[in-house]
Amino acid sequence: MDFKDYYIELGKNIKRQRELAGLTQETLSEMAGISQDYLGKIEVNINKPGLKTIFKLAHALKISPREFFK
């Protein structure tokens with residue numbers, strides 16, 4: 001698996017966790033302090049989030065960042 005594959009899976013896992021929490025992109029992005037456009041692009045692997053963004057999203061979802069990498 002190369003880095004591109006990891007980012008594809010990361011985006012899918014962020015989306016899955018968001019949906020499990022019953023949140024829209026708009027709501028999660030507001031909670032995490034990022035734009036909805038940026039979150040949408042993370043979920044479909046256009047943008048690649050940095051560690052700070054991953055932690056913001058995990059904190060907003062009240063989960064460990066590790067959940068995004070399972």
Side-chain angles (χ1 to χ4, degrees):
M1 188 182 289
D2 65 16
F3 283 111
K4 183 179 178 184
D5 294 330
Y6 285 111
Y7 279 110
I8 290 169
E9 289 305 310
L10 175 61
K12 287 179 183 178
N13 289 338
I14 289 171
K15 181 179 180 179
R16 181 175 53 82
Q17 290 294 335
R18 175 180 61 76
E19 289 174 342
L20 284 173
L23 299 174
T24 64
Q25 285 183 350
E26 180 179 11
T27 302
L28 178 56
S29 63
E30 288 174 4
M31 293 169 66
I34 63 174
S35 73
Q36 181 180 351
D37 181 62
Y38 184 50
L39 175 58
K41 289 178 179 178
I42 290 170
E43 290 185 355
V44 297
N45 194 39
I46 294 172
N47 286 348
K48 293 163 180 52
L51 191 57
K52 184 176 180 179
T53 300
I54 291 170
F55 273 85
K56 285 180 172 184
L57 290 167
H59 180 74
L61 289 165
K62 297 181 172 82
I63 62 172
S64 167
R66 286 182 274 180
E67 294 298 316
F68 296 141
F69 298 96
K70 290 185 174 181

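Every value quoted in this text rests on a predicted model; they were computed, and no experiment measured them. These values consider heavy atoms only, across backbone and side chains, with no hydrogens, waters or symmetry-generated copies.
- Sorted pairs that involve residues 48-64 and meet salt bridge (charged side-chain N to carboxylate O under 4.0 Å, His left out), not counting sequence neighbours, are lacking altogether.
- In terms of hydrophobic clustering, with Ile, Leu, Val, Met, Phe, Trp and Tyr side chains grouped at heavy-atom distances under 4.5 Å, I63 and L57 are assigned to a common cluster.
- Listed by chain and number, the residues in a side-chain contact (heavy atoms from CB on, under 4.5 Å) with S29 are I34, Q36, L39 (sequence neighbours excluded).
- Here CZ of F69 is found 4.0 Å from CD1 of I54. Values are rounded to the nearest 0.5 Å.
- Across S64 and A58, no two heavy atoms sit closer than the pair C-CB, 4.1 Å.
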Distance-only criterion, 3.5 Å: show the donor-acceptor pairs between side-chain atoms of residues 1-10 and protein atoms not counting sequence neighbours.
residue: D2; atom: OD1; partner: K4; partner atom: N; Å: 3.1
residue: D2; atom: OD1; partner: D5; partner atom: N; Å: 3.1
residue: D5; atom: OD2; partner: D2; partner atom: N; Å: 3.4

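- Listed by first and then second residue, the salt bridge (charged side-chain N to carboxylate O under 4.0 Å, His left out) pairs that reach into residues 23-45 are R18-E43, D37-K41, sequence neighbours excluded.
- To the nearest 0.5 Å, the span separating NE2 on H59 from CE on M31 amounts to 8.5 Å.
- Under a 3.5 Å cut-off, the side chain of N13 and the backbone N or O of K70 do form a donor-acceptor pair.
- Every side-chain contact (heavy atoms from CB on, under 4.5 Å) that L20 has, sequence neighbours left out, goes to R16, Q17.
- L23 and V44 end up in different hydrophobic clusters when Ile, Leu, Val, Met, Phe, Trp and Tyr side chains are linked at under 4.5 Å.
- In the hydrophobic clustering, L51 connects to F55, either directly or through intervening members, whenever side-chain heavy atoms lie under 4.5 Å apart.
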